[in-house]
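Below: one structure, written as C-alpha cells.
For this chain, numbers begin at 1 and follow the sequence in order.
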Amino acid sequence: MRTLFVPLAVMALAVSPAFSQTDAGSNPSPLLRQAAARTAEPAGPLDLRSAIALAQRANPGLSSAAREQEASDAAVLQAGAWPNPVLEAQVEDLRRGNRTTTLLLSQPVELGGKRAARVTAAERARDQAASALLARRSELRASTITLFFDVLAAQERVRLMQDSLGLAQAATRAAANRVAAGKVPPLEETRSRVAEAGIRVELQQAEGALRSARRQLAALWGNPDPRFTQAQGAVDRLPPLALAQDVERRLAAAPMLRQARLEVERRQALSQLEQARRVPDVTVSLGAKRVPADEGMGSSNGRNQVVVGVSVPLPIFDTNRGNVAEALSREEKARDDLAAAELQLGADVAQAAERLRSARAAAETLQRDALPGAEAAYKAAAKGFELGKFSFLEALDAQRTHFQVRNQYLMAVADAHRAASELDRLLGTEADETPRTADAAR
C-alpha cells in the first residue's frame, strides 16, 4: 500500500494550485485616511488648487471607486485560474483478503474557449472599474470647483452685508444725535434702529450660508469641521467659454459613453462565454488499483493496476440555451443603452453650454451696465449722508440697490462656474488640464 500512495501523492502535489498560480498580493490604496486629510487641511486661506488636491486625496467616494478597481483586478486573476484536480479513493469489499483499493486523480479540462471568454469578461469589468474611477475624479473636481466658488460668493455677500451694517450703525448714531439735539422727531431714530435690526438679520443669514458652504466644501475631503479660514480667489472672474471643436473632441471620449461602450464589450464577452458553455468539458482520470493476491496463482502479494479514464457529460437535457438567449438579449440591451447615452449626453452638454453662455452674458451685462452706476449712486448717497445732504433712507435705498445688483452679479458668476463644472463632469477632465482658477479664467 505504501508503494501505491507515494507516486499518487507526488502527482497530486505536481498539479496543486500552490505550484500553478500565485496568490494575489494586497496592494494598499494610495488614498490617505480622512484623519490625514483633516491634518493636511490648512488652517489659513485655501486656494482652489489646494482644495482639489485635498478632495482627490481623501474623498470617501473616490476611495470606494479605487477599491472597486482593486477588486476587479483580483477578479481577472481568479477568472484565469484552472479548475482544481480531484483526488478520489475507493475501497471495494472491506474483507482483508478480498479488499480492492483504487486511487484516482481527475483533472477537468475546459473546452470551447470558456477560460478565455471568462477572462475577457473579467477584463472588460476591470476596464469599467478603471473608467468609473476616472469619471469619479472628474465629478469630484467639478463638485470642488462649484463649492469653492459658492464659498467665495458667500464670503462676498457677508462682506456686503457688513458694509451695510456699518452704514446702518452710523445712521442710527446720527439719528440719535439729531433727536437729542431736537432737530428731528424720535420717529427718525426708531426707523433707523428698525432698519439696522433688519440688516443684522440679513447679515446673520449670510453668515449662516457661508458656514454651510464651507462645511459642504470641507466634506469633500471628509472633514465635518472646516479648518481653513477663508477661500482665496477672485470671485468676479468668469470661466472661459467652451470651444465647439473642443467639446466635439471630448464628447467622443466622455465618461458616460466610455462606460456604455465597455458594457457592450463586456456583454459580448459574456455571450461568448455562455455559448462556450454549451460545449461539454472533459474530465481525465489517472490512478492505480490495488488488487488482492490470487490464491490460485500461489502468490502472496497483490497486484497494482493502472487506471485511466475519461468522462464527458452528455448535453441532452441542459444545452444552456436559456442562458445564451439571456446573454444575447442583454448584449442588445447594452447597445440600446449606448445609443440612449449618446442622445442624453448630447442634450446635457448642449444645455450646460447654453447655461454657460447665458450666465456669462448676464454677468458681463451687469458688470458693464448696472454695477458701475449702482456703485457710483451708493458712494454719492453715502457721502451726501455724511454731509447731511441725504437722509438715511435715501442712503439705505442706494445701498440696497447696489447690494441687489452686486448679488445678481455674484449669482450669475456662480451659475457660470456651475455650468462650466457641469461641462467638465460630462466631458471628463483631461490629465493635462490644470484647475480652472479664477485668475486663469480671464
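A distance-only check finds no donor-acceptor pair linking the side chain of Ser131 to the backbone of Asp127 [under 3.5 Å]. Without hydrogens or angle criteria, His402 side chain to Leu371 main chain gives no donor-acceptor distance under 3.5 Å. Side chain of Asn59 to main chain of Leu62: a donor-acceptor pair is present (N/O by atom type, distance under 3.5 Å, no hydrogens or angles). Proximity of a side-chain donor or acceptor of Asp415 to a complementary backbone N or O of Met411 within less than 3.5 Å is not detected. Side chain of Ser329 to backbone of Ala325: a donor-acceptor contact under 3.5 angstrom is found. Remark: the backbone N or O of Leu111 is paired with a side-chain donor or acceptor of Lys114 at under 3.5 angstrom. Put simply, the side chain of Arg124 never gets that close to the backbone of Leu262: no donor and acceptor are under 3.5 Å apart. Here the side chain of Ser212 pairs no donor or acceptor atom with the backbone of Ala209 at under 3.5 angstrom. Judged by distance alone, the side chain of Arg425 and the main-chain N or O of Ala142 form no donor-acceptor pair under 3.5 Å. At least one donor-acceptor pair under 3.5 Å links the side chain of Arg250 to the backbone N or O of Gly428.
Remark: Glu354 CD to Ser358 OG distance equals 4.0 Å, nearest 0.5 Å. Summarising the geometry, atom CD belonging to Glu274 is positioned 4.5 Å from atom CG belonging to Asn323; distances are rounded to the nearest 0.5 Å. Taking CD of Gln351 as the reference point, atom CG of Leu356 lies at 12.5 Å (rounded to 0.5 Å). Once rounded to the nearest 0.5 Å, the distance linking CD of Glu139 with OG1 of Thr144 reads 11.5 Å. The OG1 atom of Thr172 sits 8.5 Å away from atom CD1 of Ile199, with the distance rounded to the nearest 0.5 Å. In this structure, the separation between CZ on Arg261 and CE on Met256 is 12.0 Å, given to the nearest 0.5 Å.
In this structure, the side chains of Leu48 and Phe149 come closer than 4.5 Å at one or more pairs of heavy atoms. Contact of the Leu314 side chain with the Pro280 side chain is not registered, since no non-hydrogen atoms from C-beta on lie closer than 4.5 Å. Proximity of Ile52 to Phe148: side-chain heavy atoms (C-beta onward) are nowhere separated by under 4.5 Å. Between Leu286 and Leu104, the closest side-chain pair of non-hydrogen atoms is not below 4.5 Å. Using a 4.5 Å heavy-atom threshold, the side chains of Arg215 and Pro224 count as separate. You'll find the side chain of Glu326 reaches within 4.5 Å of the side chain of Arg330, heavy atoms only. Looking at heavy atoms from C-beta onward, Leu345 lies in side-chain contact with Leu257 at the 4.5 angstrom threshold. The side-chain heavy atoms of Thr283 and Gln107, taken from C-beta on, include no pair separated by under 4.5 Å.
If you run side chain to side chain donor-acceptor pair (under 3.5 Å) between Glu263 and each of Gln128, Lys333, Arg258, Gln268, only Gln128 comes through. Screening Glu202, Glu207, Gln205 for a side-chain contact (heavy atoms from CB on, under 4.5 Å) involving Met161 leaves a single residue, Glu202.
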Next item on the list: Walk me through it: do Glu364 and Arg360 pass the test side-chain contact (heavy atoms from CB on, under 4.5 Å)?
Entry: CA-CA 6 Å; Glu364 290 172 351; Arg360 277 184 56 93; 2.9 Å; yes
Next item on the list: Could you walk me through whether Arg115 and Glu110 pass salt bridge (charged side-chain N to carboxylate O under 4.0 Å, His left out), step by step?
Entry: CA-CA 7 Å; Arg115 180 175 177 272; Glu110 292 181 311; 5.6 Å; no
Next item on the list: Under the side-chain contact (heavy atoms from CB on, under 4.5 Å) rule, what do His417 and Thr146 come out as? Steps first, then yes or no, please.
Entry: CA-CA 6 Å; His417 283 290; Thr146 299; 6.0 Å; no
Next item on the list: Would you please test Asp73 and Gln69 for side chain to side chain donor-acceptor pair (under 3.5 Å) and show each step?
Entry: CA-CA 6 Å; Asp73 291 336; Gln69 184 180 16; 5.3 Å; no
Notebook entry, point to check: What's the verdict on side chain to side chain donor-acceptor pair (under 3.5 Å) for Asp424 and Ser421, showing C-alpha distance, side-chain angles and the deciding distance?
Noted result: CA-CA 5 Å; Asp424 284 346; Ser421 300; 5.5 Å; no
Margin query: Apply side-chain contact (heavy atoms from CB on, under 4.5 Å) to residues Val158 and Leu203 and explain how you reach the verdict.
Written below: CA-CA 6 Å; Val158 169; Leu203 175 60; 4.2 Å; yes
Notebook entry, point to check: So Leu54 and Arg57, side-chain contact (heavy atoms from CB on, under 4.5 Å) or not? Walk me through it.
Noted result: CA-CA 5 Å; Leu54 279 171; Arg57 282 201 304 265; 3.2 Å; yes
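For Glu422 and Arg418, the salt-bridge test fails: no basic side-chain N is under 4.0 Å from an acidic carboxylate O. In this structure, Arg400 does not pair ionically with Asp397, as no charged nitrogen and carboxylate oxygen lie closer than 4.0 Å. Salt bridge present: Arg200 and Glu196 bring a charged side-chain N and a carboxylate O closer than 4.0 Å. Salt bridge annotation for Arg406-Glu156: present, with a cationic side-chain nitrogen under 4.0 angstrom from a carboxylate oxygen. The pair Glu68-Arg136 does not meet the salt-bridge criterion, since no charged nitrogen lies less than 4.0 angstrom from a carboxylate oxygen.
Residues that satisfy the side-chain contact (heavy atoms from CB on, under 4.5 Å) test with Ala125, not counting sequence neighbours, are Arg266. Annotation: salt bridge (Lys or Arg N to Asp or Glu O under 4.0 Å) contacts of Arg335 (sequence neighbours excluded): Glu331, Glu332.
Here the closest heavy-atom approach between residue Pro108 and residue Asn84 is recorded as CD-O, 3.5 Å. Ala341 and Ala260 get closest at one heavy-atom pair: CB-CB, 4.4 Å. Of all the heavy atoms in Asp281 and Val109, the pair that sits closest is CB-O, 3.4 Å. When all heavy atoms of Ala55 and Leu140 are compared, the closest pair comes out as O-CD2, 3.2 Å. The heavy-atom pair separating Ser50 from Asp47 by the smallest distance is OG-OD1, 2.6 Å. Looking at every heavy atom in both residues, Phe228 comes nearest to Ala218 through CE2-CB, 4.5 Å.
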